[in-house]
Every structure is written in C-alpha cells, then in structure tokens.
Amino acid sequence: MAATQKLACFRLPPLPTIKEIIKLYNLRAEKQLSQNFLLDMRLTDKIVRQAACLKDARVCEVGPGPGGLTRSILKAGAADLLVVEKDTRFIPGLQLLSETAPGRMRIAHGDILTYRLERGFPAHIAKTWEDVPPNLHIMGNLPFSVSTPLIIKWLEQMSNRTGCFMFGRTRLTLTFQKEVAERLTASTGSRQRSRLSVMAQYLCTVKNCFTIPGCAFVPKPNVDVGVVHFTPLAQPQIQQPFKLVERIVKNAFQFRRKHCRRGLEMLFPESQRQELTEELLRSADVDPTLRPTEISISEFRALADAYSKLCEENQGLIDYDFREELKLKHQAKRQLGNNRKGLNLHTTVEENVNDNH
C-alpha cells in the first residue's frame, strides 16, 4: 500500500499528449536546427532508466522541445528539474507541464552551448571528486547539430572540474546519431575508433545503452539514434591538460588510414620534424607503424607525457600549428611568384624602350 502511494505521488495530472501539445501550439521540427521529436513515452521512460534512480534527484534536461523526455523525468520522481530550451516556440508547452508539477520544474530560455549550468544548482549538493557522484544528472535528446560540440565542451569541463562538474562526477545520459554513439564507445582496433572515442574514454566510463530506430522520431531522421551514458572516472587515464591531450589525439587521427607517425609528425615545425617525431615515439615506446585506431589509451597517455616533456624543453612548441606554417609558406611562394612577374614585366618594358630608341 505504501509503495503504491509513493508511486502515485509521481503520477502527473491528466495532460494533453505530446502529439496534442504539438498540434495545440502548432509546433514543427526545424530542419536547420536538426530537431526530431520523440513521442513514444515507453522509449522516453527507457532513456530515463539508464540514468539509474532519479527519485529525489536534481536533473538538467537539455533541449526538452515539446517535453516528452521531460514527462518521463518528472514521472521518475526528480525533485528539481531544470530544462534549458533555446527555441521560444516550446516555452508555452513546457510552462503547461511545469504547472502540473509545482515546485519541481524550472524553465530557462537559453543556448546550452553558452548557458552556465553551474549557476542552476545549489553549492551544497557538491561531492568531492573521489567521492560517489552527486545526485545530479544531465539528460537530453540532443539535436544532431550540437551533440558533438556539446560533449566535447562537457569533456573539457570534466577534465578541468568546471561547469556542472564543479559538483563532482556528474553523470550524463544523452542521445546521439547511432554512428556517433558507436564512436564514443568504440574499443581499440575497431573500425569506429576515433578521436571522440579516446577523448571520452580517457575521462569516463562510457556505455552505449540501446538504439532507438529512426522511425520512432517525428520527423523521421535518416539515421538511428543511440542512447549513451557517461560516468566520469575518479582518476582520468591521462594526467595531462585537456587541450594537450586533444592536440595529440587530433593529430594522430588526422591521417587515420596511415601509420600514426604521419599525423604525429605534424606536431612539430618542419625544421625539427624528423628529429622530434623520432624522440616522441621513442620516449613513449609507441610503434610508429600503428594505425591511429590501434593506439590504446595507455599508449596515448605515454605520448601525451612525452609530448609534454618536449614542450618543456622546446620553447614555443606548445603553440606551434602546422597549418599556420603551411599558410605562411604558401604566402611566401605567392609573393615570390608575384615578384618574378613584376621583374619580367619590368624587363619587357625596358626592352621595348630600348627597341624604340
């Protein structure tokens, strides 16, 4: 009986269905914002279950749209739900939902890429990093256009323990295109292994929970969708600044079908490229003929540590960008070509003058 009463307190009052909300407020998914609505409450409930128990939890939902996932979060017993929505068209429908759960739901109109999430929750919920994760969860059915830049932003904040990670090892449950979800969880040596795999896995335990078929969304996207759960590690597998690790990994995967040496050598100025690349690989004890997809997290750790040491020993190396050097070289080449054209023109004019005399 007591259990039934507990469940009943999380039951929302009668509400229009999501389809009715969409019709009521004349809502349409905007293609340029890569919006796709998930209307099946069985699926939104299933997403919420991946975040573990939300009873009495604090939750931030990213891009709630018409509020399908929002309903499932409230139904699961979240005590405090902050929704961050960029599109003003959805605000009235969310306000209607908020009125059915008084004191439990707050609406913020803003862009999640710039919104300061840490301001949305009280300081007293924080845990130390090594402690269990705080009772705070980030969730969202993300638009495809923002999913990758957003997870990169959150991974950097995780590394620096800023943003929503000021409260400790805040967990995330998010949707991505199936291909991106597979990259996030791809193991060493797999075809889907990518820069995203390494950047996520050196900082988190990453779990690809399940796949939602594209036909479950309105409008139907051309791809299926993966639900991914992230739990930050108490001790990151690479103990170097995020930007340094990102530079190593990005360069390694720049030529993903070639040997890793090809991408890693672009970390260094042309005048020292061969010498410093050999020193990097030798210090890290990494086989230069490995493909980027074959490099393990522990080998990336060794590469990051060796590169950090080289940066300490070679002033200005940390700021080197091979694209800038290439750009300057092309500019110099064009200038030389222009100078030669000018010289040829000057010579031709002199010859014509002499001929006239």
Side-chain angles (χ1 to χ4, degrees), residues 12-41 43-44 47-48 51 54 58-76 78-122 136-154 157 163-164 170 172-177 212 214 216-222 225 227:
L12 296 175
L15 275 167
T17 65
I18 297 297
K19 284 184 179 179
E20 289 169 341
I21 289 284
I22 290 171
K23 188 174 181 181
L24 178 64
Y25 294 104
N26 194 28
L27 301 174
R28 292 179 182 174
E30 294 287 348
K31 188 174 182 181
Q32 64 266 31
L33 298 177
S34 61
Q35 293 173 340
N36 302 95
F37 304 149
L38 185 56
L39 308 182
D40 189 335
M41 289 294 290
L43 288 171
T44 55
I47 293 173
V48 166
L54 291 187
R58 296 178 187 271
V59 181
C60 174
E61 185 191 356
V62 179
L69 183 60
T70 316
R71 296 185 187 210
S72 292
I73 294 169
L74 289 170
K75 192 171 77 171
D80 178 30
L81 171 59
L82 170 65
V83 297
V84 182
E85 179 54 64
K86 179 181 179 180
D87 193 333
T88 53
R89 297 175 304 144
F90 296 120
I91 301 297
L94 292 169
Q95 287 171 337
L96 179 65
L97 184 55
S98 176
E99 289 166 8
T100 67
R104 295 175 57 206
M105 179 176 165
R106 296 174 287 139
I107 302 168
H109 177 223
D111 185 344
I112 194 61
L113 286 170
T114 56
Y115 189 81
R116 299 284 299 275
L117 270 184
E118 65 274 19
R119 295 179 178 176
F121 298 97
L136 171 64
H137 302 258
I138 310 298
M139 304 189 70
N141 173 30
L142 302 177
F144 296 155
S145 60
V146 302
S147 60
T148 300
L150 187 54
I151 194 59
I152 288 292
K153 172 191 170 181
W154 278 335
Q157 289 183 342
C164 58
T170 302
L172 307 97
T173 306
L174 307 164
T175 62
F176 298 88
Q177 291 182 58
I212 304 174
F217 294 85
V218 177
K220 178 184 178 297
N222 295 325
V225 171
V227 178

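For reference, positions follow the sequence shown, starting with 1. The structure displayed is predicted, hence computed values, not measured ones.
- Residues that satisfy the side-chain contact (heavy atoms from CB on, under 4.5 Å) test with Pro122, not counting sequence neighbours, are Arg58, His124, Ile125.
- Nearest heavy-atom pair, Ala51 versus His137, reported as atom, atom and distance to 0.1 Å: O-CE1, 3.2 Å.
- Remark: of the listed residues Leu54, Leu43, Val59, Leu54 is the sole one forming a side-chain contact (heavy atoms from CB on, under 4.5 Å) with Val48.
- The heavy-atom pair separating Gly214 from Pro221 by the smallest distance is O-CD, 3.3 Å.
- Taking both residues in full, the closest heavy atoms of Ile112 and Lys153 are given as O-NZ, 3.2 Å, listed atom of the first, atom of the second, then distance.
- Met41 and Ser72 make their closest contact through CE-OG, 3.6 Å (heavy atoms, listed as atom of the first residue, atom of the second, distance).
- Contacts of Asp40 classified as side-chain hydrogen bond (donor to acceptor under 3.5 Å, both in side chains), with partners at least two apart in sequence or in another chain: Arg42.
- Taking the side-chain contact (heavy atoms from CB on, under 4.5 Å) definition, one finds that Lys220 meets it with Cys215, sequence neighbours left out.
- For the residue pair Leu94 and Pro64, the shortest heavy atom distance occurs at CD1-CG, 3.7 Å.
- Partners of Glu118 according to the salt bridge (charged side-chain N to carboxylate O under 4.0 Å, His left out) rule, which considers only residues two or more places apart in sequence or in another chain, are Arg116.
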Full working for side-chain contact (heavy atoms from CB on, under 4.5 Å) between Ile107 and Phe90: CA-CA 11 Å; Ile107 302 168; Phe90 296 120; over 6 Å; no
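- At a threshold of 4.5 Å between non-hydrogen side-chain atoms, the residues Val84 and Cys60 count as touching.
- A donor-acceptor contact shorter than 3.5 Å is absent between the side chain of Lys86 and the backbone of Leu113.
- Not counting sequence neighbours, the partners of Thr175 by the side-chain hydrogen bond (donor to acceptor under 3.5 Å, both in side chains) test are Asn141.
- A distance-only check finds a donor-acceptor pair linking the side chain of Asn36 to the backbone of Pro219 [under 3.5 Å].
- In this structure, the side chain of Thr170 engages the main chain of Cys164 through a donor-acceptor pair within 3.5 Å.
- Evaluation of the side-chain contact (heavy atoms from CB on, under 4.5 Å) rule for Ala79 yields no partner, not counting sequence neighbours.
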